[in-house]
There are 2 protein chains.
Amino acid sequence: MPGRARVSRPAAERLSLYLREAERLAALGRVTVSSRQLGASAGAADAQVRKDLGIIGTSGQPGIGYDVAALAAAIRAVIGVQERWRAALVGAGNIGRALAAYRRLCEEGFEVAAVFDRAESVVGRRVAGIEVLPIEAIAETVRREAIGIGIIAVPPEAAQEVADLLVAAGVRGILNFAPRRLQVTPRVPVVDVDFRSALERLVLAVSQRDEESTADRPLAARPGARGVDPRRKR
Amino acid sequence: MPGRARVSRPAAERLSLYLREAERLAALGRVTVSSRQLGASAGAADAQVRKDLGIIGTSGQPGIGYDVAALAAAIRAVIGVQERWRAALVGAGNIGRALAAYRRLCEEGFEVAAVFDRAESVVGRRVAGIEVLPIEAIAETVRREAIGIGIIAVPPEAAQEVADLLVAAGVRGILNFAPRRLQVTPRVPVVDVDFRSALERLVLAVSQRDEESTADRPLAARPGARGVDPRRKR
DNA sequence: GTTTGTGAACCGTTTCACAGCA
DNA sequence: TGCTGTGAAACGGTTCACAAAC
């Protein structure tokens, strides 16, 4: 029974990273992984990894570890990337074009099936081989092309409107690159990717680190610290 | 005394959103905001907002709310975006170029001061008006141009090497677009922005939502649900 | 020896509830 | 009445510790 399980937000993020590591190891010909190695690649403790994998119903062998192939398959099943996801990209600006050109996505179960833009100067052109359609065509195209997710890469002012169009057209989830919180029905999950927010978080982390090193004692291995994790010992 | 306070990861994300809302309201001419309105724009409860603002030392007026201008200034001070941050962008591929062209960043306290790439076919060209330099020039340029943060937009295979170069050159933080966990000294914070991970998180959320609606009773306002938050009543 | 699986303790964040002020 | 500030309670995720399995 695949797909059973409630996965928390941070756990979902980690699963994504475990999957990457499992794929990397599989390509290298490795057959098993330990929870510790898996954890190192995701910045998590080994016990954390075992908890995560336990939740999604994957089990390993004591003394051996987890089967790399089975692990990857199990994570894909939980995430839901066994089949191909077709996406509608709205906004053929800088971010939109970069995304459409990001060919690697195809190998990972995703596919940009249609591109939309409001500007007449862009409509009709081709972006990564796909003809740009006017946003009025969203509803019909999403249905015809069996599109599951919408990607919003438009200026913040237009984001809400586009979100409404996509939801009305029947997409099941939205990836939002616009720096604006979208108001959509809870039936359609939204994941935000926000450059500015990321930069601000980074700068805040830098500031906090500065204060620590000047105010507190110079060298102190902080508990929540990132990097080459110093979890050893038992 | 600005900058005093320990801010948790989720709190940092929210502060970033409060700042956006405060700026938006300021532009609209509004003078005060309530914690509830601020919370709605960030997907947080009102009490949460008050806690957050209390931590950074901002206080509002009972019965009135928070002063929009003072709030924005306080958040900027905590984040550390009063001054301008100069960034080194490594990787002039699709994502790199999109980022360099994202002019809005300038208005928000950030500036791409240099662009680097390894490919000889790209070095010497101009990206958003900036000449692309070879990655060997990172160390010298970062120092000369007083660059504080590095942005990694290269393929995953090269990410770690670039990270090492940036850290050696003396950047204080790294924004990483490569889908690879970087191993860097804890002294240099890293914030990851990962499209694939975001897409996978989205698809997982979609799958989970599907199961809920089919397995459980059809209509149920879930507690952790997103969207127009139904927090009313008291 | 190595590594998994898991109950229990721990910790930080979120929510609740309400006193206090405009 | 509307809204802030805050202790206390509730919640959820992480870490610990160790028995069991290889």
Side-chain angles (χ1 to χ4, degrees), chain A residues 5-15 17-18 22 25 30-68 70-71 74 208 221-226 229-234, chain B residues 5-15 17-18 22 25 30-40 42-68 70-71 74 201 208 221-226 229-234:
Chain A
R6 178 113 303 118
V7 182
S8 72
R9 223 260 257 191
E13 225 151 314
R14 287 193 299 271
L15 284 174
L17 294 169
Y18 301 156
L25 292 173
R30 288 282 307 271
V31 167
T32 60
V33 227
S34 71
S35 56
R36 181 184 295 188
Q37 181 174 359
L38 227 31
S41 76
D46 52 352
Q48 180 73 75
V49 175
R50 294 195 294 275
K51 276 267 155 76
D52 289 340
L53 299 187
I55 288 172
I56 68 168
T58 307
S59 57
Q61 274 193 304
I64 307 289
Y66 297 84
D67 182 272
V68 169
L71 175 62
Q208 288 194 162
R222 299 245 142 220
R226 279 190 50 119
D229 64 346
R231 295 177 251 281
R232 219 53 337 144
K233 199 184 5 172
R234 58 156 42 223
Chain B
R6 179 115 301 121
V7 182
S8 72
R9 223 263 256 194
E13 224 151 313
R14 287 194 300 269
L15 283 174
L17 293 169
Y18 301 157
L25 292 173
R30 288 282 307 269
V31 167
T32 59
V33 227
S34 71
S35 56
R36 181 184 295 188
Q37 181 174 359
L38 227 31
D46 52 352
Q48 181 73 74
V49 175
R50 295 195 292 274
K51 276 266 154 77
D52 289 339
L53 299 186
I55 288 171
I56 67 168
T58 307
S59 56
Q61 274 193 305
I64 308 290
Y66 297 84
D67 182 273
V68 169
L71 175 62
R201 249 158 52 219
Q208 288 194 164
R222 301 245 142 217
R226 277 191 54 118
D229 64 348
R231 294 176 251 284
R232 212 75 312 156
K233 196 180 13 166
R234 56 157 42 222

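Residue numbers begin at 1 in each chain, while the letters A, B, ... track the order of the sequences. Values reported hereafter were calculated over all heavy atoms of this structure, with side chains retained and with hydrogens, waters and symmetry mates removed.
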Between [atom2] of [N] and [atom1] of [X], the distance in whole Å:
X	N	atom1	atom2	value
B:I55	C:dG12	CD1	P	12 Å
A:L53	C:dT6	CG	P	12 Å
B:D46	D:dG2	CG	C1'	12 Å
B:E13	C:dT14	CD	C1'	15 Å
A:R36	C:dG1	CZ	C1'	13 Å
A:Q37	C:dT4	CD	C1'	15 Å
B:L15	C:dT13	CG	P	12 Å
A:D52	C:dG5	CG	C1'	13 Å

*Can you spot which of A:D52, A:L53, A:D46 makes a side-chain contact (heavy atoms from CB on, under 4.5 Å) with A:L38?*
A:L53

Of all the nucleotides listed ([options]), which has the minimum atom distance to the side chain of [X]?
X	options	result
A:P10	D:dT4, D:dG5, D:dG13	D:dG13
B:P62	C:dT3, C:dT15, C:dC21	C:dC21
B:A47	D:dT6, C:dA22, C:dT4	D:dT6

With respect to the phosphate group of [N], does any side-chain polar atom (N or O) of [X] fall under 4.0 Å of OP1 or OP2?
X	N	value
A:Q48	D:dT14	yes
A:R50	C:dG7	no
B:Y66	D:dG5	yes
A:S35	C:dT4	yes

*asked:* Return whichever of A:S8 or B:T58 has its heavy-atom-nearest nucleotide of DNA chain D closer to the 5' end.
replied: B:T58

Just call it for [X]: base, sugar-phosphate, or nothing, with non-hydrogen atoms closer than 4.0 Å on any strand.
X	value
A:G65	sugar-phosphate
A:G60	sugar-phosphate
B:R14	sugar-phosphate

*Does A:Q48 use its side chain to pair, donor to acceptor, with the backbone of A:G39 at less than 3.5 Å?*
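Not confirmed, A:Q48 side chain does not pair with A:G39 backbone.
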
_Check: A:Q37 and A:L25 side chains under 4.5 Å, non-hydrogen atoms_ =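 The answer is yes; the side chains approach within 4.5 Å.
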
*Mind checking the OH-OG spacing from B:Y66 to B:S59? Nearest 0.5 Å is all I need.*
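It is 8.0 Å, given to the nearest 0.5 Å.
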
*Classify the side chain of A:K51 versus the base of C:dT4 as yes if they form a donor-acceptor pair under 3.5 Å and no if they do not.*
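No.
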
